[in-house]
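Values in this document were obtained by computation on a predicted structure and should not be read as measured data.
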Amino acid sequence: MTGGGMRGGWVSRVALAVAALLGALSLVAARQGKGLRVLSEVEALHSQLQLEQSREDELVSQIRHLESRGVIMARAEEELGMHPARDADLRFWPQVGP
């Protein structure tokens, strides 16, 4: 009976060790899954950031175009009837003073 008791204790220890190993592996798998989800979210945010930076670059380019002299002069002429000063538009006043 003593031999059977030792064998039962040994089987219990092996079963406990296997259970602990499986528990540890489950924890590792859960953490790995969470890590992969976080990595996926980081990659999605990185892609979104690149898209927003591209949009910003496009908007800055449009602003520079709209601020250009050629665009401003054309719109001033079309919408306000303005034109660059010519000789006939310039009048010089006599200098006053000592």
Side-chain angles (χ1 to χ4, degrees):
M1 201 137 180
T2 311
M6 278 207 250
R7 189 175 279 167
W10 184 79
V11 171
S12 296
R13 287 183 185 152
V14 169
L16 186 59
V18 169
L21 179 65
L22 290 176
L25 288 175
S26 295
L27 249 163
V28 168
R31 284 187 178 178
Q32 230 177 4
K34 185 177 181 181
L36 290 174
R37 283 191 302 276
V38 169
L39 183 61
S40 176
E41 291 174 11
V42 167
E43 288 175 354
L45 288 173
H46 183 67
S47 296
Q48 185 69 28
L49 179 61
Q50 285 180 331
L51 180 64
E52 294 301 326
Q53 286 174 334
S54 179
R55 287 181 184 166
E56 180 185 11
D57 291 345
E58 184 178 321
L59 290 172
V60 167
S61 177
Q62 288 177 359
I63 289 169
R64 286 186 179 142
H65 170 72
L66 292 172
E67 288 179 338
S68 70
R69 181 177 172 87
V71 171
I72 290 174
M73 289 182 67
R75 291 194 63 185
E77 187 173 349
E78 290 171 18
E79 295 177 20
L80 303 173
M82 297 175 74
H83 63 272
R86 297 181 195 109
D87 289 339
D89 299 323
L90 301 174
R91 293 196 179 110
F92 296 99
W93 297 92
Q95 193 174 20
V96 180

_So which atom in Leu66 and which in Val71 form the shortest heavy-atom distance, rounded to 0.1 Å?_
O-CG1, 3.8 Å
*Donor-acceptor under 3.5 Å (Ser61 side chain, Asp57 main chain)*: no
*Treating Ile, Leu, Val, Met, Phe, Trp and Tyr as nodes and any side-chain heavy-atom pair under 4.5 angstrom as an edge, say whether Leu45 and Leu36 lie in one connected cluster.*
no
*For a side-chain contact (heavy atoms from CB on, under 4.5 Å) with Val18, tell me which candidate from Val14, Leu21, Leu16 qualifies.*
Val14
*Candidate list Gln62, Glu58, Arg64, test side-chain contact (heavy atoms from CB on, under 4.5 Å), partner Val60, passing option*: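 For Val60, the side-chain contact (heavy atoms from CB on, under 4.5 Å) test succeeds with only one of Gln62, Glu58, Arg64, which is Arg64.
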*Could you tell me which residues satisfy salt bridge (charged side-chain N to carboxylate O under 4.0 Å, His left out) with Glu79, sequence neighbours excluded, listed by chain and number?*
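In terms of salt bridge (charged side-chain N to carboxylate O under 4.0 Å, His left out), with neighbours along the sequence ignored, Glu79 is linked to Arg75.
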*asked:* Which residues pass the salt bridge (charged side-chain N to carboxylate O under 4.0 Å, His left out) test with Arg55, not counting sequence neighbours?
replied: Glu52
_Among residues at least two apart in sequence or on other chains, which ones pass side-chain contact (heavy atoms from CB on, under 4.5 Å) with Gln32?_
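Gln32: no side-chain contact (heavy atoms from CB on, under 4.5 Å) contacts found.
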_My understanding is that only residues two or more places apart in sequence, or in another chain, count here; which of them pass side-chain contact (heavy atoms from CB on, under 4.5 Å) with Arg37?_
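Checked Arg37 against side-chain contact (heavy atoms from CB on, under 4.5 Å); matches are Lys34.
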_Contacts of Gln50 that satisfy side chain to side chain donor-acceptor pair (under 3.5 Å) - sequence neighbours left out_ = His46
_side chain to side chain donor-acceptor pair (under 3.5 Å) against His65, all qualifying residues, sequence neighbours excluded_ = none
